[in-house]
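Take a look at the structure set out below.
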Amino acid sequence: MHWHDLPHHDGSELYSPLPEDAPIDVRRPRVRVPRTFATISSAWLRVVIDGEPQFHPMRPITAPVDGDDAQWWEGAFTVANPVTSYRFLLNAARGGAFWLNPEGVDEIEPLDALDYRATTFPPPPAWASAQTMYQIFPDRFARSAAADARTAPEWAVTASWDDEVVHRGPDTSRQFFGGDLDGIAERLDHLEALGVTLVYLTPFFPAQSNHRYDATTFDRVDPLLGGDEALIRLVEAAHARGIRVIGDLTTNHTGDAHEWFRRAYGDPSADESDFYYWTDQGHTDYLAWYGVPSLPKLNWNSVELRRRFIEGPQSIVAKWLLPPYGLDGWRIDVANMTGRQGSDDLNALVQRTVRRTMDEVAPGSVLFAESTNDSSRDFDGSGWHAPMSYSAFTRPLWHWLRRPETAPRHHYGIPFDETPTATAEAFARAFRRFSAPMPWAVRSLAMNAIDTHDTPRFAERADAAHQLVAAGLSFTLPGTPVLFAGDEFGLRGSDGEASRTPLPWGSDAELAPAYARLSALRAGSPALQTGGVRWLHADADSLAFVREREGSAELVVACRSAAQFSLPTASLAGRRVETSEPPTLMFGEIAIDASGDLLQWRAGEPSFGVWTLGATASQSVAADAITEADAAGSRHGVSRSATLEPAARG
């Protein structure tokens, strides 16, 4: 069966509306069931309350989009626990029953761990969903004139801006190009032209490396970057252009030259003695991130560490969000390992404390967090707002779009003998698997990075045409599109360190116009910012999906190579398509024809396209609204509304 024939639900506005008159803890999820799938005789919500499953009846409703011929069902339940999981049971009129959860449709009962999740936690700030993020590694972005007058530190191996990057051996972290914060401020014209609205700075604290993830203090900006005043100038200049700025914190570790570690090393009586994990009585042997001695592991059992670092308006977390600095949020490094060591698991405590502090001192700030693999268990919306992860988007994207002749071992830390070459269908399944179990507010903000400072450059493994396909998906799938500084120049790099190339100012940023158009497209489309995602097609070389919300919808097609496929117009869920004229092309050059009840695409090369769809959603649903009693259900899973007549269809 084709993707467009399958039942669909996600937690977006169209599929889980929040009527103004409903209590905040009541949800009214909807399911869309194409008639090509089956005629559904009854539908049920399965909700787990206090560990016990309950079943709530659903009822057919008028399609929320005029002209959609699919069956729509709506139910209701109360979010009785802070995180409440649910899925759907669909009974077919001609026999058979089907479960629908984030993994898709199955006749076999799925695992509770993979259910949809509803929460009552406050959502991320509304502004965050509209951003285009640009990641900057400060040492390699740009140098101001003031950088020439600064003396390089003892640890540094100085380099000229056009020198080759050292990416193996002891000088890798010591090679120093001298980029600074004023250099970034001087290049804001470039970012503005790209459509960048959110800058993510890797660490700006003093350190003994070019990456600065081994901070020596969190109390000041590295003088090599221009000091505190340079950060103030940068943030003010960015804000004047409508660009927000977030910083990078290492909550998992510090550097071994950090002032806290220096005080505690060899001195069990020091106030900072319980900030780290010591393995001897004299505090000279300790645990470190991946055993790297320069990165001692923080022990979040320490009440004093929490007070200084993450709790309240006097903490490090708060300081840089408050005036005069005014950062707009944080990205947390190695968030998945933070607070976890042996039998200790304080991760939830740390992330919720950071979030509480941010909400207290800087309401409306945003909190991203790194999680290198499956991030679903740590991202329920109570702490970190959204993940920076490689499993849902980055890795499967590379597997689909990379050149097949390049097969590096240990791809993204996984010891493949040969790096997988995936299909578009595998990419779509991976994206759904790793993102759909998270609450919608989380997954719709997740960072969609093609590459970062920790990965090879995408251009190292794919040509410019494939990079534009990848960029298009970054901007159109649910999540935050991310550019790593230099992507627009087509920079290359064989690994994470080699990818940290100084930007070649003065050369042609040949991909910049396409990135700018994608930024503008997303900025002007409510559907691309917050709409649900419904997959329509995926085979070996091409895929299609629609981003949709009430009043706005965009159709997206991506092709790895020459491809041809068709979709029935009915799969567009009533979005109007004139049979004599195809939808309006907003981006790309893929050929499309409308013929009868079919839309047909033809691509002769790697291609990406976005079409806007013209229907405006109807606000009408079933007249007899589901009551709060229906949502509450009963101990044994059948609610009072089970005998009510179905609502009339429009």
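Note that the structure is predicted; figures quoted are calculated from it, not measured. Along the sequence shown, the residues carry numbers beginning at 1.
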Exercise. Taking side chain as C-beta onward, heavy atoms only, is Thr612 less than 4.5 Å from Leu585?
Worked result: no
Exercise. Does the distance from a Lys or Arg side-chain N to an Asp or Glu carboxylate O, for Glu589 and Arg602, drop under 4.0 Å?
Worked result: no
Seminar exercise, completed: Residues passing the salt bridge (Lys or Arg N to Asp or Glu O under 4.0 Å) test with Asp328, sequence neighbours excluded, are none
Please list every donor-acceptor pair under 3.5 Å in which a side-chain atom of residues 559-566 meets a protein atom from a residue at least two apart or in another chain.
| unit_1 | atom_1 | unit_2 | atom_2 | d |
| --- | --- | --- | --- | --- |
| Arg560 | NE | Asp541 | OD1 | 3.1 |
| Arg560 | NH1 | Trp400 | O | 3.1 |
| Arg560 | NH1 | Ala422 | O | 2.8 |
| Arg560 | NH2 | Ala540 | O | 3.2 |
| Arg560 | NH2 | Asp541 | OD1 | 2.7 |

Exercise. Looking at CZ of Phe545 and CG of Leu536, how far apart are the two atoms once the value is rounded to the nearest 0.5 Å?
Worked result: 9.5 Å
Exercise. Is any side-chain heavy atom of Phe137 less than 4.5 Å from a side-chain heavy atom of Asn210?
Worked result: yes
Exercise. How far apart are the C-alpha atoms of Tyr116 and His9, what are their side-chain angles, what is the distance that settles it, and do they pass the ring-ring contact (aromatic ring centres under 6.0 Å, His included) test?
Worked result: CA-CA 9 Å; Tyr116 299 102; His9 169 81; 4.8 Å; yes
Exercise. Do the charged groups of Asp451 and Arg461 touch, with an N to O distance under 4.0 Å?
Worked result: no
Problem set entry | Donor-acceptor pair between His385 and Arg355 side chains, under 3.5 angstrom | yes
Exercise. If you draw the axis of the six-membered ring of Trp127, does the NZ or CZ of Arg244 fall within 45° of it and under 6.0 Å from the ring centre?
Worked result: yes
Seminar exercise, completed: Quick note, ring-ring contact (aromatic ring centres under 6.0 Å, His included) partners involving residues 482-512, not counting sequence neighbours, are Phe141-Trp505, His190-Phe489, His190-Trp505, Phe489-Trp505
Exercise. Is Arg433 paired with Glu103 through a side-chain N to carboxylate O contact shorter than 4.0 Å?
Worked result: yes
Exercise. Where is the tightest heavy-atom contact between Pro439 and Asp380, given as atom of each residue plus distance?
Worked result: CG-O, 3.6 Å
Exercise. Do Leu249 and Trp320 have side-chain heavy atoms sitting under 4.5 Å apart?
Worked result: no
For this session: Walk me through it: do Tyr134 and Ile243 pass the test side chain to side chain contact (heavy atoms under 4.5 Å, CB included)?
Result: CA-CA 10 Å; Tyr134 190 89; Ile243 299 173; over 6 Å; no
Exercise. Considering all heavy atoms of both residues, which atom of Ser499 and which atom of Gly496 are nearest to each other, and what is their separation?
Worked result: OG-O, 2.6 Å
For this session: Would you indicate whether the side-chain heavy atoms of Ile450 and Thr455 approach each other to under 4.5 Å?
Result: no
Exercise. Quick one: side chain to side chain donor-acceptor pair (under 3.5 Å) pairs with a partner in residues 509-533, sequence neighbours left out?
Worked result: Gln467-Tyr515, Ser525-Glu554, Thr530-Arg549
Problem set entry | Polar contact flag, side-chain donor to acceptor under 3.5 angstrom, Asp597-Thr569 | no
Problem set entry | Trp330/Tyr200 under ring-ring contact (aromatic ring centres under 6.0 Å, His included): CA gap, chis, key distance, verdict | CA-CA 8 Å; Trp330 290 109; Tyr200 150 38; over 10 Å; no
Exercise. Is Arg233 salt-bridged to Asp182, cutoff N-O under 4.0 Å?
Worked result: yes
Exercise. Going by heavy atoms in the side chains, are Asn336 and Ser375 under 4.5 Å from each other?
Worked result: no
Exercise. How far does NE2 of His537 sit from OG of Ser571, to the nearest 0.5 angstrom?
Worked result: 11.0 Å
Exercise. Distance from His167 atom NE2 to Ser494 atom OG, nearest 0.5 Å?
Worked result: 4.5 Å
Problem set entry | Residues Asn373, Ser391; criterion side-chain hydrogen bond (donor to acceptor under 3.5 Å, both in side chains); working and verdict | CA-CA 5 Å; Asn373 198 56; Ser391 53; 4.8 Å; no
Exercise. Is Asp189 salt-bridged to Arg187, going by a charged N under 4.0 Å from an acidic O?
Worked result: no
Problem set entry | Ser160 versus Asp162, side-chain donor and acceptor atoms under 3.5 Å | no
For this session: Drop me the distance from Phe458's CZ to Leu491's CG, to the nearest 0.5 angstrom.
Result: 14.5 Å
With a cut-off of 3.5 Å and sequence neighbours excluded, list every side-chain donor-acceptor pair involving residues 1-8.
| unit_1 | atom_1 | unit_2 | atom_2 | d |
| --- | --- | --- | --- | --- |
| Asp5 | OD1 | Thr36 | OG1 | 2.6 |
| His8 | NE2 | Asp10 | OD2 | 2.9 |
| His8 | NE2 | Val533 | O | 3.2 |

For this session: Flag the pair Phe204 / Leu231 as yes when at least one side-chain heavy-atom distance between them is below 4.5 Å, and no otherwise.
Result: yes
Problem set entry | Residues forming a side-chain hydrogen bond (donor to acceptor under 3.5 Å, both in side chains) with Glu548, sequence neighbours excluded | Tyr15, Arg534
Exercise. Between Arg212 and Asp248, is there a side-chain N and carboxylate O pair less than 4.0 Å apart?
Worked result: no
Exercise. For the residue pair Arg432 and Gly104, what are the closest heavy atoms and their distance?
Worked result: NH1-CA, 3.9 Å
Seminar exercise, completed: Between Ala558 and Val469, the two heavy atoms sitting closest are CB-CG1, 3.9 Å
Exercise. Is any side-chain heavy atom of Asp539 closer than 4.5 Å to a side-chain heavy atom of Glu425?
Worked result: no
Seminar exercise, completed: d(Leu477 CG, Leu528 CG) to nearest 0.5 Å is 9.5 Å
For this session: Give me the ring orientation class for Tyr213 and His453: parallel if the planes are under 30° apart, tilted from 30 to 60°, perpendicular past 60°.
Result: parallel
For this session: Look up atom CE in Met133 and atom OG1 in Thr480, then write down how far apart they are to the nearest 0.5 Å.
Result: 5.5 Å
